[in-house]
Every structure is written in C-alpha cells, then in structure tokens.
2 protein chains.
Amino acid sequence: MNITHYQAEVLKTLGQSTRLKIIDFLRLGERCVCEIFPAIGEEQSNTSRHLNMMVSSGILFRRKEGVKIFYALKHPEIMEIVDLATLIMTREITGRHSLLQAA
Amino acid sequence: MNITHYQAEVLKTLGQSTRLKIIDFLRLGERCVCEIFPAIGEEQSNTSRHLNMMVSSGILFRRKEGVKIFYALKHPEIMEIVDLATLIMTREITGRHSLLQAA
DNA sequence: CGATTATATGATTATATAGTCATATAAACA
DNA sequence: TGTTTATATGACTATATAATCATATAATCG
C-alpha cells in the first residue's frame, strides 16, 4: 500500500456523479438521508450506500439524532477540490469549443 | 449527461494510484513515455494507456518530437487538487491515529 | 405491543476499469 | 532497405463499482 493509494481513495470518492450531487447539496450544511435522497433524485438505498462509503473515505461526518442520521462535509477542502475541478472542466469545455469554432 | 458527469470525469481521472504517480512525476515538467514508465515502475503499455486516458480527460498535454511523445500537466490546478487531497488524507490518518491512542 | 418511519444491507446484475501479453505502427538511422 | 527504438492498441482476464429490489434493523409513537 503506497501513499498514492490513500490519496486516490479521497479523489476517487469525489469522482462519481451521484456523490458529487450529494456533496453539492451538503454545501448548504448538515442534512439527513431523508432530505438528501429526494434532493438529488436517487433511491434511498443507493444514497445510503454512497453516504456510508463517503464516511469510510473520511469525507463526511455522521451524527445520529433519534431515527434520523445526519451527514455533513468534514473538510472545507472538499469544496475547494470540487471547485477546482469545475474550473478545469469549464476551461476544457470552452477550450474545446473555441477549437471547434476555429476549425 | 449532467454537469456532475464532467466534474466526475476530471476527479475520477485523478483518483487512481498509477495516474497519481504519473502526475507526481510530471510535476518536474514535461517528460516522454520512455522516462515516465521506468520512473513510476509500471509497464510501458499500461503507462501509455493511462497517459492517453489523461489526455482525453483534459488533464495532460501531448507533444510529439520524432519518435518520442512528451506529456505534461495541462492545468496548475491539478497539483492544487492533489495537494488538497494529501492534506485531507494526512488529517484523516493523524485523526484516526489519535483516536486509536485515546482508545 | 403493533404500526410507522428512517436508514442500512444482502443478493444480484450490468458495466467499467486496470493490468498483462503480444503485436502493430511509425520514426530514425546504419 | 532492414533494424532498432518509442509508443499505441487489440484481446483478454480479474476485479471493482453502481444501481436495484427486497428485506432487515432500530427508533418513535399511538
């Protein structure tokens, strides 16, 4: 097990569209599963799996309150990473677009 | 195809240990395949596949010079993302460690 | 206690991915 | 032209992943 394996774990966790939708929604703050899955338009069971996976990867906090389980972003850097990825993506898309226009 | 699919493409590309090794090596600057695969200790064919994949994801530049193909990081933000992931990872590992000590 | 609500999980399926080996392509050079 | 060197790719295998459906667990409340 290399150091890159641990780095990869964090980044791989962020590199999936359902999980990105969850992260985006959790920018608003702590939310329970019952709020998250309708907000992102995924099944309860699938959402639950991704949430648990993100806790294991060290990306989310989990807090229990009665029947409800609340999840929240654990590190502000997660939002920074997503924002940087958005920036790269935007630059790539406009770049490809201007190449298409030039052709 | 959602916007999160494109973000995920960038982040998923970064979330794999062989590719992280390549990215780490390319911090030194532009390098050809013949330098990259021995440096990261992977097969030529596997390295080539990852390099091509990273070009498709918009993460690397490719430049041809004679028989050699040179690859380089395309966006400085890629290094920022990797560094932020390292930070999160480090914080997680030390956090888990202090929890173990407390137990 | 029985019903309801919130969440997690087992089993399964379809798909994606990484890696390997052998081989193809293509430039350079004797 | 034939050989060498650098890179890419086809075919294949093993493994991982996401999603779904049905069901289990566990807290709450009448």
Side-chain angles (χ1 to χ4, degrees), chain A residues 1-26 29-72, chain B residues 1-26 29-72:
Chain A
M1 276 297 168
N2 203 307
I3 189 173
T4 55
H5 279 91
Y6 293 101
Q7 295 176 303
E9 195 187 341
V10 171
L11 291 168
K12 200 188 326 186
T13 302
L14 301 179
Q16 205 276 341
S17 78
T18 303
R19 291 193 287 272
L20 283 174
K21 285 191 274 177
I22 292 173
I23 290 169
D24 239 48
F25 182 61
L26 290 181
E30 194 189 51
R31 292 289 188 277
C32 67
V33 186
C34 60
E35 294 170 298
I36 299 170
F37 83 85
I40 65 167
E42 292 287 333
E43 282 208 357
Q44 181 272 322
S45 62
N46 192 30
T47 305
S48 174
R49 273 188 220 284
H50 283 296
L51 288 167
N52 279 288
M53 189 267 209
M54 287 192 269
V55 171
S56 306
S57 305
I59 281 184
L60 296 186
F61 270 125
R62 167 193 279 138
R63 184 176 67 84
K64 192 172 181 168
E65 192 182 309
V67 213
K68 296 189 177 179
I69 315 273
F70 288 86
Y71 289 90
Chain B
M1 278 295 170
N2 204 308
I3 189 173
T4 56
H5 279 91
Y6 293 103
Q7 296 176 302
E9 195 187 341
V10 171
L11 291 168
K12 198 186 328 181
T13 301
L14 301 179
Q16 205 275 343
S17 78
T18 303
R19 290 192 288 271
L20 282 175
K21 286 192 274 176
I22 292 173
I23 289 168
D24 239 46
F25 182 61
L26 290 182
E30 193 189 52
R31 292 289 186 276
C32 67
V33 185
C34 58
E35 295 170 297
I36 298 170
F37 83 85
I40 66 168
E42 291 287 335
E43 283 207 358
Q44 181 270 322
S45 63
N46 191 30
T47 306
S48 174
R49 272 188 220 286
H50 283 296
L51 288 167
N52 279 288
M53 189 266 210
M54 288 191 270
V55 170
S56 306
S57 304
I59 280 184
L60 298 185
F61 269 126
R62 169 193 279 138
R63 184 176 67 83
K64 191 170 181 171
E65 190 182 311
V67 211
K68 296 189 177 178
I69 315 274
F70 289 87
Y71 288 90

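Throughout, a chain's letter reflects where its sequence line sits, starting with A, and its residues are numbered from 1.
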message: Please confirm whether the shortest side-chain N or O distance from A:Lys12 to OP1 or OP2 of D:dT17 is below 4.0 Å.
response: yes

field: Rounded interatomic separation in angstrom, taking CZ from B:Phe37 and C1' from D:dT5
entry: 11 Å

- request: Nearest whole angstrom, please: distance from the C1' of D:dA18 to the CE of A:Met54.
  value: 13 Å

query: Can you check whether A:Ser48 has a side-chain N or O nearer than 4.0 Å to OP1 or OP2 of C:dA6?
result: no

task: Go through the N and O atoms of the side chain of B:Arg49 and the base of C:dT20, and report whether any donor-acceptor pair is under 3.5 Å.
output: yes

- prompt: So, is B:Thr18 near the phosphate of C:dG19, with a side-chain N or O under 4.0 Å from OP1 or OP2?
  reply: yes

message: Keeping B:Thr13 on the side-chain end and B:Glu9 on the backbone end, is there a donor-acceptor pair under 3.5 Å?
response: yes

- prompt: Looking at C:dA22, C:dA18, C:dA6, which one has an atom nearest to any side-chain atom of B:Arg19?
  reply: C:dA18

- prompt: Is B:Tyr71 touching bases, backbone alone, or none of the nucleic acid, heavy atoms closer than 4.0 Å?
  reply: sugar-phosphate

- prompt: How long is the gap from CZ on A:Arg31 to OH on A:Tyr71, to the nearest 0.5 Å?
  reply: 15.5 Å

message: What is the separation between atom CD on B:Glu43 and atom P on C:dT23, rounded to the nearest whole Å?
response: 15 Å

- prompt: Checking A:Ser57 side chain against A:Met53 main chain: does a donor-acceptor pair fall under 3.5 Å?
  reply: yes

message: Nearest heavy atom decides the nucleotide; on that basis, is A:Gln16 or A:Gly66 closer to the 5' end of DNA chain D?
response: A:Gln16

- request: Spell out, as yes or no, whether a donor-acceptor pair under 3.5 Å connects the side chain of B:Gln16 to the backbone of B:Thr18.
  value: yes

- line: Between NZ of A:Lys21 and C1' of D:dA19 the distance, given in whole Å, is 12 Å

- prompt: Side-chain N or O of A:Lys64 less than 4.0 angstrom from OP1 or OP2 on D:dA27?
  reply: yes

- prompt: Quick one: does A:Gln44 reach the base of C:dA6 with a side-chain donor-acceptor pair under 3.5 Å?
  reply: no

Separation of atom CD1 in A:Ile40 from atom P in D:dA19, rounded to whole Å: 9 Å

field: N or O in side chain of B:His50 less than 4.0 angstrom from C:dT17 OP1/OP2
entry: no

message: Rounded to whole Å, please give me the gap between CD1 in A:Ile69 and P in C:dT5.
response: 18 Å

Nucleotide of C:dT7, C:dG19, D:dA18 approaching A:Met53 most closely (side-chain heavy atoms): D:dA18

query: So do A:Leu26 and A:Ile36 actually touch side chain to side chain, heavy atoms under 4.5 Å?
result: yes

d(CZ, B:Arg63; P, D:dA6) in whole Å: 16 Å

field: Interatomic distance where CZ belongs to A:Phe70 and P belongs to C:dA6 [whole Å]
entry: 11 Å

query: DNA chain C: A:Asn46 or A:Val67, which has the more 5' nearest nucleotide?
result: A:Val67

